[in-house]
Amino acid sequence: MADAGNKESAPIGGDEFTNTELENNKNNTMVEEGSTLLRRMEISVAEAEKRTGKNTVNMQEIFTVYLIETRPIDAITEGHNPAPDSLWRRYSEFEILRNYLLVTYPFIVVPPLPEKRAEFVWHKLSADNMDPDFVERRRIGLENFLLRVASHSVLSNDKILYHFLTEEHRWKEVVYETGFQAKADSRIKALSATFRVKNPDKRFTEMKHYSDELQSLTSQLLRVRARVADRVYGVYKVHGNYGRVFSEWSALEKEMGDGLQSAGHHMDAYAASVDDILEEEERYADQLKEYLFYAEALRAVCRKHELTQYELETASSDLISKKQQREELATGMVRTFSFKGMTNKLFGQETPEQREAKLSLLEEQIVQGEETVTEKTVECEEYVKGAWVDMQRFKEQKDRDLREALIGYAVMQISMCKKGIQVWTNAKECFHKM
Amino acid sequence: MSRTIDAVVSPTQTNTIPADISGQMLDLDEDDDLEVFSKDSTLADGNMFNASMQTSPGSMVNQCKFEEDEEGDSKDIFITVDNPESHVTAIETFITYRVLTKTTRSEFDNSEYEVRRRYQDFLWLKGKLEEAHSTLIVHPLPEKFVVKGMVERFNGDFIATRRKALHKFLNRIADHPILSCSEDFKVFLSAQAWELTTYKKQGPGFLSRMGETVRAVANSVRGVKNRPEEFTAIQEYVEDFSNKISCLDKVTQRIVKEQKEYLEELKEYGPTYTLWSGSEEELAEQLKGVAGCIERCCKETEEQVGHLSDTLVPVLHEYVLCAETLKAVLRRRDNIQAEFEAKNETLATKKVDRDAESSDLGFVWGSLLGKNPEEARHQRQERLDGEIEELKEEIDKLEDRVEWANNALKGDWGRWQRSMRGDLKSAFFSTAEKNVDYYEKCLAVWETFLLSQRTEPSEETDRDNTP
């Protein structure tokens with residue numbers, strides 16, 4: 001087991017963060033200054049396996065587990081080649097980890113997990129979670145998630161994360177002990193609550209707006225892309241019929257026979273080539289999906305800010321009204337209209353003892369209120385600081401990643417065109433020789 | 001006893017019917033069909049036909065001679081079908097096409113003719129040619145009405161497709177050494193509308209044509225007994241070929257359909273990138289770039305589908321019709337042979353009758369009528385002899401007819417096969433070529449985009465290096 005090292009609790013804001021480069025391919029991970037976990041530990045999700053077990057309602061179920069392998073970097077760079085430590089985790093455990101991170105670091109745009117169920121599915125693509133292609137893409141997605149988290153300057157220092165990677169069996173107990181579950185529930189409620197902030201931070205409002213747009217734009221793009229993929233599949237596969245008929249026809253023709261036969265083979269090859277082409281494109285779709293889900297995380301950060309701001313505003317206005325009440329009581333003067341004031345006027349004032357009691361209660365409340373306001377103000381400020389930094393980091397990461405994804409898409413299209421050129425050039429030759 | 005028919009026709013036949021004519025035909029210059037096929041001229045390896053005609057009027061084969069021509073282009077008749085126009089009368093609306101003929105053949109009075117013909121006229125011509133040359137292979141006409149796909153008769157695409165097919169039809173006849181000498185063909189090309197109407201009214205009357213039909217039906221019911229092996233082989237081939245070509249026709253139409261649906265989706269795909277670019281700053285350019293690429297690929301796809309529809313689909317369809325024509329030709333040949341066989345059987349029966357020792361019935365009849373049995377028998381024999389002689393004459397004619405039909409078909413069969421191979425090879429080649437072109441163009445589009453992206457990384461590294 002690798003040495004746990006000194007793990008401080010994660011700082012909330014305040015530090016200067018340098019941008020870290022996040023790559024899907026672990027071999028190319030470039031990590032800059034900062035003690036991110038990935039700098040010290042090589043992480044991969046190496047394999048997937050099927051398991052059977054009993055679920056929560058004691059029914060037999062089949063599920064997939066993923067092998068997480070870790071190795072200390074220093075051992076590798078020193079020239080040793082240690083065997084990796086490893087443990088098996090299933091998707092639901094990743095979900096627990098992510099929920100914990102969401103709750104613990106609400107100001108961070110937490111990397112998303114690969115989709116729970118296959119969406120944006122086109123005709124041939126399986127929606128079955130057990131389908132090997134789906135499992136493989138999920139494995140890559142999970143690895144990507146871990147790499148992103150482990151290279152994040154804030155998230156990577158988390159103890160729970162470290163346990164997740166290193167302690168197979170006790171991990172669940174430990175994470176539940178943090179009490180994050182309760183916070184998770186209230187978080188969900190808060191995210192969907194409606195409230196109005198009096199002085200919204202324009203930057204956060206814009207960012208939230210952007211996150212909505214990003215969500216709807218990427219999901220629309222993914223939907224249309226899936227339909228296009230479906231059509232491409234159809235066109236290619238129908239050409240397979242040429243292969244069959246040419247082959248049968250070639251048996252009839254003496255002179256054209258050979259040409260037809262070979263042309264038929266090329267048509268078969270053409271039809272078969274679409275499977276790989278579309279499988280590769282599915283990776284591109286996964287890259288887009290990651291940012292579809294990222295948009296949700298971004299939105300959550302903005303919403304949390306609104307909530308924090310709202311709480312601050314509420315605490316502030318509470319304090320103000322309490323102070324006003326104290327003043328009224330103390331001076332006997334009614335500054336503003338109040339029901340109490342009216343009833344006092346109508347029904348007479350209280351006894352001095354009652355007033356004293358009320359006043360001291362108010363003083364207590366005011367003191368508390370001031371503490372609360374101070375806390376909330378600090379909370380808000382720190383939140384804004386931390387969140388803004390992380391949102392900037394996210395923005396740059398997004399621009400880089402998506403740019404790369406688009407380039408990758410162009411490369412895929414080029415490869416597809418080249419394959420097409422080759423097949424049809426060959427077919428052309430065959431027809432020529434007919 | 002029926003005479004067996006020589007399956008092999010020796011070139012030394014003394015009759016005026018030529019032997020297998022396919023050996024005397026050469027490459028056909030397909031220039032006239034350039035608008036249908038690609039302009040690829042690399043297909044010159046002996047699959048096409050060229051026949052140059054000596055001029056001579058009147059009936060068919062006897063008069064036409066063939067010349068070896070190694071220069072290639074020695075066509076002396078050029079026909080185009082174009083300019084469809086709509087005509088509205090009280091009773092109907094129909095389309096006429098302009099048929100333009102330029103020729104140096106001496107059986108034509110002029111060297112240029114311009115007439116207008118409607119589809120019915122083409123049908124008439126085809127019918128006449130098939131009537132006169134029942135075992136020659138006449139190129140099919142486009143169908144009367146395409147029900148599948150609900151194509152309207154006066155729809156622009158439908159008319160364009162039909163026009164091309166009519167053009168091909170006439171040119172194929174013009175290229176045929178025998179058919180192009182047909183008087184009906186000449187009249188079709190040269191007569192004015194009213195002249196043609198008059199001309200059509202001539203010819204065997206309705207009743208005699210009915211008689212032919214009845215006989216044909218009777219013969220086809222009887223069936224042919226001793227079909228030569230080679231024609232059975234041809235028939236089997238035609239069956240199989242018909243199946244294959246129908247399959248290819250369907251597959252190709254399916255491909256066109258799928259491509260069109262792909263195009264529809266693609267048209268919606270590009271705009272999603274453009275839309276997204278509106279919300280992005282750094283990424284906007286790349287997103288627009290991708291959108292642009294997709295749009296350009298859309299245009300290429302549209303062109304590719306168009307090419308498929310214009311080039312491959314019509315040719316495959318034509319050969320589906322050809323297969324039907326071939327089946328009909330084989331049937332007609334069978335009928336001719338069946339008629340001959342029937343007559344032979346009748347002859348055999350009559351001979352048996354004549355050679356039989358006096359039948360009891362005849363003897364009884366004769367004695368009832370008070371005839372001398374010897375005399376009765378003699379009379380009967382004379383009568384039968386007469387009938388037998390008549391039959392023999394008829395049979396001779398029928399035998400010639402069978403031989404002529406077989407030779408014509410055999411000759412045309414080789415010719416048709418070469419034509420078929422040439423047409424289909426050309427169409428598939430052109431399609432493959434267009435597909436290569438399509439992918440090359442799309443490749444260029446994406447490579448240009450990629451190139452524009454590669455020049456930007458220098459900005460990236462600068463940003464990364466700032467602390």
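Letters go in sequence order (proteins before strands), and every chain restarts at 1.
- Within the 4.5 angstrom heavy-atom criterion, only side-chain atoms of B:Val290, from C-beta onward, approach chain A.
- Within residues 240-249 of chain A, the residues having any heavy atom less than 4.5 Å from a heavy atom of chain B are, in residue-number order, A:Asn241, A:Tyr242, A:Val245, A:Phe246, A:Glu248, A:Trp249.
- Interface remark: A:Ser415 contributes no atoms to any contact with chain B (heavy atom separation under 4.5 Å).
- For the set A:Leu221, A:Val235, A:Val228, the entry with the most heavy-atom pairs within less than 4.5 Å of chain B is A:Leu221.
- Using a 4.5 Å cut-off between heavy atoms, B:Phe241 touches chain A through backbone and side chain atoms alike.
- Separating the NE2 atom in A:His432 from the OG atom in B:Ser426 is a distance of 12.0 Å, to the nearest 0.5 Å.
- Between B:Glu282 and A:Arg403, every side-chain heavy-atom pair lies at or beyond the 4.5 Å cut-off.
- Atoms CD1 and NZ, on A:Ile421 and B:Lys441 in that order, are 11.5 Å from each other to the nearest 0.5 Å.
- If you measure heavy-atom distances from A:Leu222 to chain B, you find no contacts under 4.5 Å at all.
- The CZ atom of B:Arg421 lies 11.0 Å from the CG atom of A:Leu260; values are rounded to the nearest 0.5 Å.
- Side-chain contact between B:Met420 and A:Met256: present, with at least one pair of heavy atoms (C-beta onward) separated by less than 4.5 Å.
- A:Leu402 places a side-chain heavy atom less than 4.5 Å from the side chain of B:Trp276.
- Considering only heavy-atom pairs separated by less than 4.5 Å from chain A, the leading option among B:Asp437, B:Ile245, B:Val445, B:Val436 is B:Val436.
- A distance of 11.0 Å separates CD of A:Gln413 from CZ of B:Phe449, quoted to the nearest 0.5 Å.
- Of residues 260-274 of chain B, those residues lying under 4.5 Å from chain A by any heavy-atom pair are B:Glu261, B:Tyr262, B:Glu265, B:Leu266, B:Glu268, B:Tyr269, B:Thr272, B:Tyr273.
- The shortest distance between side-chain heavy atoms of A:Val411 and B:Trp446 does not fall below 4.5 Å.
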Inset, instruction - Apply the test side-chain contact (heavy atoms from CB on, under 4.5 Å) to residues B:Arg418 and A:Glu255: give CA-CA distance (whole Å), side-chain angles for both, the deciding distance (0.1 Å), then the verdict. - result: CA-CA 10 Å; B:Arg418 278 191 286 276; A:Glu255 299 200 12; over 6 Å; no
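- In this structure, B:Lys327 places its NZ atom where more than 12 heavy-atom neighbours from other residues, nucleotides or ligands lie under 6.0 Å away.
- Of the listed residues (A:Arg223, A:Gln220, A:Glu253), the one with the most heavy-atom contacts under 4.5 Å to chain B is A:Glu253.
- For NZ of A:Lys395, the number of neighbouring non-hydrogen atoms (other residues, nucleotides, ligands) closer than 6.0 Å is greater than 12.
- A distance of 6.0 Å separates NZ in A:Lys418 from CG in B:Leu443, rounded to the nearest 0.5 Å.
- Contacts of A:Lys419 with chain B are absent, with no heavy-atom separation under 4.5 Å from either backbone or side chain.
- Sequence neighbours left out, the pairs with a member in residues 269-280 of chain B that pass salt bridge (charged side-chain N to carboxylate O under 4.0 Å, His left out) are A:Lys398-B:Glu280.
- Contacts of residues 206-213 of chain A with chain B at a heavy-atom distance below 4.5 Å involve A:Tyr210, A:Glu213, listed in sequence order.
- With a 4.5 angstrom heavy-atom cutoff, B:Glu236 does not touch chain A via any of its atoms.
- Among B:Leu287, B:Asp240, B:Leu248, the residue with the largest count of heavy-atom pairs under 4.5 Å with chain A is B:Leu248.
- Between A:Arg400 atom CZ and B:Leu283 atom CG the span is 11.5 Å, to the nearest 0.5 Å.
- For A:Leu214, the part sitting under 4.5 Å from any heavy atom of chain B is the side chain, from C-beta outward, and nothing else.
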